[in-house]
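One structure is given below, encoded as structure tokens.
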There are 2 protein chains.
Amino acid sequence: MSIAIENFVKAIYKNDKNDSNNTKPGNIAKKLGISNAAATDMAKKLASKDLLHYEKYQELQLTDKGTQMALNIVRKHRLWEALLFKLFDMSLHEIHKEAELLEHQTSDFLADKISAYLGNPKFDPHGDPIPNAKGEITTVDNSIALSQTQAGETYIISRLMSDDKEFFDFCALHGLKYGNRITVTNQFKNNRMTQISINNNTILLNEDFTNIIYVNESN
Amino acid sequence: MSIAIENFVKAIYKNDKNDSNNTKPGNIAKKLGISNAAATDMAKKLASKDLLHYEKYQELQLTDKGTQMALNIVRKHRLWEALLFKLFDMSLHEIHKEAELLEHQTSDFLADKISAYLGNPKFDPHGDPIPNAKGEITTVDNSIALSQTQAGETYIISRLMSDDKEFFDFCALHGLKYGNRITVTNQFKNNRMTQISINNNTILLNEDFTNIIYVNESN
DNA sequence: AAACTTTTTTAAGTATACTTAAATTTTATT
DNA sequence: AATAAAATTTAAGTATACTTAAAAAAGTTT
């Protein structure tokens, strides 16, 4: 299967996991930076390969086969992120960009080698779960968006759900990192802002960030 | 530049380094597993990109720009080989196959990270030189093919110039590995065979192997 | 040097993955 | 419910990287 196909299947999968309300060709096209027409063409082609269900004007839906393919690619992506993060001094954004390319040129054999080398990790450096070789994912039920937290409570950062350079630069600057401890000092519901304390510094975060930073309750 | 272009340029470069007598489209086509017509087409296209000199019915010759591109790809290939060899339990043949794919999806930035992590090695696990970021290569002048060695002398294996699985399986079985010591016990010139001693075992090698195993004199 | 063989080139055609522009259908608005 | 807006689909066309088949040139043999 080509890189274009892999990226298309992956985009549908990720779309389903996030803003699942729109999996029509146009929305996928926007995420991939291709025209709507190209996305429709591709959808038809993938339907003929039994990777997704396609009906005119309806939402695209991955078949089991398509889902397995997506999980396989996501697995490789996140394993590369984990490996590059461990070995090299690179930002999460740089790591993501490289993994985006490497994921398509990685045999299952090599993926398993990377996984074993890392001790079969269940999460990547963003806190995103790494599917195992069978495509099974460890769910992270009890993690919630920072926007949904309680003022006065302390939490552990469990996921940074973004690919954006500016976001990661901000996180790196303030110590917002997978596994780190933060205290929510104020929730300004009306302004949709959250004030946190980390490393004795106080930071005010707006909704753009508090919706993509996930945390677990700190026991 | 596309993967097809990168592989074409690399094939010319490697051809020049080995059986340099024929760099015409047909020979390159054979190495890449494409038709002669496709190779001619590609040669014309690359000439228009100033990557090689093309004149009808003549040998193909890389320009400086083309040579730099080839060296950049070879650098990435050999850095991946060195990294995979260090981290994972994989055969030289498996490592080669993975590197063949990864080399095209590796930024200069990542290549430099890999190189630094490995301590900027000058040679890969086959003993082949790794070009530096500027495309400069450490020459290995004093290494000679096993077929050219003297009976009675002891040598250090410096290069295993092959991509072939069977060859590497054979090498692994008998301890023929980069850096290992061997003694040439007999040179059967008429039969083009070389008898060596390694780890107290005697092995008789024919020309197919003695021409691709390179050694240095052992001081 | 003529004849044969091999290689290279040209020409025509294919699959993939896109594009833009127009037509169609769906969705939202009044 | 009619109309306007937005999205989707169809249609036609492009670039890349190939293919096969035929024509042309080069190389080899006798």
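Lettering of chains follows the sequences in order, A, B, ..., and the numbering in each one begins at 1.
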Partner residues of A:Phe85 under the ring-ring contact (aromatic ring centres under 6.0 Å, His included) criterion, sequence neighbours left out: none
Tell me the interatomic distance from B:Leu60, atom CG, to C:dT7, atom C1', rounded to whole angstroms. 13 Å
Can you name the side-chain contact (heavy atoms from CB on, under 4.5 Å) partners of B:Ser158, sequence neighbours left out? B:Ser143, B:Tyr214, B:Asn216
Output a table of nitrogen or oxygen pairs between the protein and nucleotides 24-29 of chain D separated by less than 3.5 Å.
unit_1	atom_1	unit_2	atom_2	d
D:dA25	O4'	B:Tyr57	OH	3.3

Using rotation axes that map the C1' atoms of four end pairs onto the next four (five pairs an end), what angle separates the end axes of the helix from C:dA1-D:dT30 to C:dT30-D:dA1, to 10°? 10°
For A:Gln105, side-chain contact (heavy atoms from CB on, under 4.5 Å) partners two or more places apart: A:Ile3, B:Ile3, B:Leu101, B:Leu102, B:Gln105
Take nucleotides 13-22 of chain C nucleotide by nucleotide from the 5' end and write B, S or -, depending on whether a protein heavy atom sits under 4.0 Å from the base, only from the sugar-phosphate, or from neither. ---SSBBB--
By the 4.0 Å heavy-atom rule, please label B:Lys44 as base, sugar-phosphate, or nothing. sugar-phosphate
List the atom pairs, with distances to 0.1 Å, where a side-chain N or O of residues 118-139 of chain B and a protein N or O form a donor-acceptor pair under 3.5 Å, not counting sequence neighbours.
unit_1	atom_1	unit_2	atom_2	d
B:Asn120	OD1	B:Ser115	OG	2.7
B:Asp124	OD1	B:His126	N	2.8
B:Asp124	OD1	B:Gly127	N	3.1
B:Asp124	OD1	B:Asp128	N	2.9
B:His126	ND1	B:Glu81	OE1	2.7
B:Asp128	OD1	B:Arg159	NE	3.0
B:Asp128	OD1	B:Arg159	NH2	3.1
B:Asn132	OD1	B:Lys134	N	2.9
B:Asn132	OD1	B:Gly135	N	3.1
B:Asn132	OD1	B:Glu136	N	2.9
B:Asn132	ND2	B:Glu136	OE1	2.8
B:Thr139	OG1	B:Asp141	OD1	3.3

Would you list the pairs meeting ring-ring contact (aromatic ring centres under 6.0 Å, His included) in which at least one residue belongs to residues 27-49 of chain B, sequence neighbours left out? none
Using OP1 and OP2 only, check whether a side-chain N or O of A:Tyr54 sits under 4.0 Å from D:dT8. no
Separation of C:dT25 C1' from A:Glu55 CD (nearest whole Å): 15 Å
Which residues pass the side-chain hydrogen bond (donor to acceptor under 3.5 Å, both in side chains) test with A:Glu98, sequence neighbours left out? B:Ser107
Kindly write out the residues that satisfy side-chain contact (heavy atoms from CB on, under 4.5 Å) with A:Ser147, not counting sequence neighbours, or none if the list is empty. A:Ala145, A:Thr210, A:Asn211
Please table the atom pairs, donor to acceptor, closer than 3.5 Å between any side-chain atom in residues 34-52 of chain A and protein atoms at least two apart or in another chain.
unit_1	atom_1	unit_2	atom_2	d
A:Ser35	OG	A:Ala38	N	3.1
A:Thr40	OG1	A:Asn36	O	3.2
A:Ser48	OG	A:Lys45	O	2.6

Restricting to pairs with a member in residues 60-80 of chain A, which pass ring-ring contact (aromatic ring centres under 6.0 Å, His included), not counting sequence neighbours? A:His77-A:His96, A:Trp80-B:Trp80
Describe, in one word, how the ring planes of A:His93 and A:Phe168 are oriented to each other, choosing from parallel (under 30°), tilted (30 to 60°) and perpendicular (over 60°). tilted
